[in-house]
Amino acid sequence: MSQERWLLELEDIEKDTSRIVKRVRVSDRDSQSTKSEFEIGDILYGKLRPYLNKVVVADEWGYSTTEIVAIRPFLKLCSEYCALAFRRPDFVSYVERLGRGTKMPRLRTPDAIVAMFPLPPLAEQRRIVTKVDELMALCDRLEAARISREEARDRFAAATFARLNARDPEAFQRDARFALHALAALTTRPDQIKAIRQTILNLAVRGKLVPQDESNEPASELLTRIAKEKAQLIKEGKVKRQDPLTEVNLDQSPFELPPGWGWARFPELGTFGRGKSKHRPRNDPALFDGGEHLLIQTGDVARSRGIIETYTGKYNDFGLSQSLKWPKGTLCITIAANIADSGILSFDACFPDSVVGFIPASMFGNARYFEYFVRTAKANLLEFAPATAQKNINLEILTQVLIPLPPLAEQQQIVAKVDKLMALCDRLEASLEITAATRRRLLEALLAEVLAPAEDRELEAAE
């Protein structure tokens, strides 16, 4: 086997486009599988996982691994046309339907032999290849232009939304008006709504979403009332006494707060602690047989979108004795797997120590503001994560996280405003998805019209 010949493997071919993404010589590749030789002009068909649509024409002599079969026509045909024919959608559907194997399906030789093959005259084969090459080159240019346009749009959107975090109130009003004016240009894809949602949350926790009212009770007095309530609960034995927190260093605060706001931490605002799961192994059937106490895991928090409505299992009384039940309305924050995902329990539930729970003091009414804050701060929370394999955020780190706390009345206004704006984002996202679906249908109709046989179009015109 020549050490300087090309050795082609399936991974060297880009799916769908069939471009060669890597060309390696025999001497440079340590491959132990059996090799097949191919010649210039052979059609190299990837028969393993054929839905990947990997078909190329050899432009030099070489070898391929057994996942690739070399096809050499008996008659003189245009190899490039044959490769196109093997990549056509109806043939891909055919091999998908008949492929054998679950994890690594492959096309059997008997099925390949009986497959229908569209064969125009040789001269027309060449004209087809030339036309397809022209159209594919045009598609490449259109795709490059689209990517460039979208990248420019994303940079513009990021810069526009970043300006909304300016400290100058006059600059904020000007930048906010500009952002609203440019909203239509900034949101042409559903995924771009994510940036708008994040901007809304950033504005909310910085006091820029609703106006401040000097008559509101300041956050400092609210914190004093919470401390008195917590002291009473400790005295009654309903809450455990926690170690005192270090004093907040305002010089290290993330940003400047509006008048009447204050910095606080989770333990100062309610009950805060990790979930509990003492029993090993945690999936022991003895914990669940006949259970009725709901158990959530990190996955339930991750897919909650703010409100946890799913559960993973049900503990029985023995399982409950190995855990701890948290009440409906508890804010859950994950400290493993998907770090700092958050959601509020819509039912009483247990959860493991990979989830941290926060029950806000009674005067807050609910944990909505704090759930919105965690979503806003998620990226910043990751910076506090220790350098471990999972990059966990532990309870001690979350205990020190600074929370911008508005006066209670303003906090309620913020939550109501965010709820309203998030609902508008949902509608905007849905409208973009509908628009995309409509655009796709129009494109399919246009392509069907363009690609219809000439006689069909003439018949329709006559009718």
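Given the structure is predicted, the values throughout are model-derived calculations rather than measurements.
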Just so I know, are the side chains of [X] and [Y] near enough to count as touching, which here means a heavy-atom distance under 4.5 Å?
X	Y	answer
Phe370	Leu405	yes
Val401	Phe373	yes
Asn366	Ile344	no
Ile40	Asp59	no
Asp419	Arg368	yes
Met136	Leu84	no
Arg106	Arg49	no
Thr376	Gln198	yes

Please walk me through it: do Leu10 and Ile68 pass side-chain contact (heavy atoms from CB on, under 4.5 Å)?
CA-CA 7 Å; Leu10 205 57; Ile68 300 171; 3.8 Å; yes

Do the side chains of [X] and [Y] get close enough for a salt bridge, i.e. N-O under 4.0 angstrom?
X	Y	result
Arg305	Asp341	no
Glu67	Lys47	no
Glu11	Arg29	yes
Asp28	Lys22	no
Glu256	Arg206	no

Would you please indicate yes or no on a ring centroid separation below 6.0 angstrom for [Y] and [X]?
X	Y	result
Phe38	Tyr63	no
Phe347	Trp326	no
Phe91	Phe117	no

Flag, side chain of [X] to backbone of [Y], donor-acceptor distance under 3.5 Å:
X	Y	value
Ser18	Val56	no
Lys328	Leu345	no
Ser346	Ile307	no
Thr334	Val355	no
Asp284	Pro281	no
Ser304	Val301	yes
Gln411	Tyr369	no

Nearest 0.5 Å, please: how far is [atom2] in [Y] from [atom1] in [X]?
X	Y	atom1	atom2	value
Arg274	Leu324	CZ	CG	13.0 Å
Leu331	Tyr372	CG	OH	12.5 Å
Leu421	Ile200	CG	CD1	4.5 Å
Glu14	Leu52	CD	CG	11.5 Å
Ser93	Arg88	OG	CZ	10.0 Å
Gln125	Lys76	CD	NZ	11.0 Å

Does the salt bridge (charged side-chain N to carboxylate O under 4.0 Å, His left out) test come out yes or no for Arg97 and Asp111, once each step is laid out?
CA-CA 11 Å; Arg97 188 171 68 254; Asp111 292 327; over 6 Å; no

Stepwise side-chain contact (heavy atoms from CB on, under 4.5 Å) check, Leu7 with Arg25:
CA-CA 5 Å; Leu7 177 53; Arg25 300 297 160 183; over 6 Å; no

Using salt bridge (charged side-chain N to carboxylate O under 4.0 Å, His left out), reason through Arg282 and Asp353 one step at a time and then give a plain yes or no.
CA-CA 11 Å; Arg282 294 180 183 176; Asp353 53 10; 3.2 Å; yes

So, for [X] and [Y], which heavy atoms are closest and what is the spacing to 0.1 Å?
X	Y	result
Ala83	Val57	CB-CG2, 3.8 Å
Ala58	Trp6	CA-CZ3, 4.5 Å
Thr330	Gly357	CG2-CA, 3.9 Å
Cys350	Ser323	CB-OG, 3.5 Å
Ile43	Cys82	CD1-CB, 3.4 Å

Residue pair Val356, Cys332: steps toward the side-chain contact (heavy atoms from CB on, under 4.5 Å) verdict
CA-CA 6 Å; Val356 171; Cys332 298; over 6 Å; no

If you apply the rule side-chain hydrogen bond (donor to acceptor under 3.5 Å, both in side chains), what do you find for Asp16 with Tyr51, and how did you get there?
CA-CA 9 Å; Asp16 293 329; Tyr51 54 83; over 6 Å; no

Using the ring of each side chain (for Trp, its six-membered ring), is Phe272 parallel, tilted or perpendicular to Phe266, with breaks at 30° and 60°?
parallel

Please say which of Asp289, Leu295, Leu294 ends up in a side chain to side chain contact (heavy atoms under 4.5 Å, CB included) with Lys314.
Leu294

When you measure from the centre of the six-membered ring of Tyr81, is the NZ or CZ of Arg126 closer than 6.0 Å and no more than 45° off the axis?
no

Do Glu371 and Ser342 pass the side-chain hydrogen bond (donor to acceptor under 3.5 Å, both in side chains) test, and can you show the C-alpha distance, the side-chain angles, and the key distance before you say yes or no?
CA-CA 6 Å; Glu371 199 278 322; Ser342 57; 2.8 Å; yes

Start with the C-alpha distance between Ser27 and Glu4, add both sets of side-chain angles, then the distance that settles side-chain contact (heavy atoms from CB on, under 4.5 Å), and finish with yes or no.
CA-CA 6 Å; Ser27 58; Glu4 296 308 315; 3.7 Å; yes

For the residue pair Thr310 / Asp300, report whether a side-chain donor-acceptor contact shorter than 3.5 Å exists.
yes

Take atom CZ of Phe288 as the centre, draw a 6.0 Å sphere, and report whether it contains more than 12 heavy atoms from other residues, nucleotides or ligands.
yes

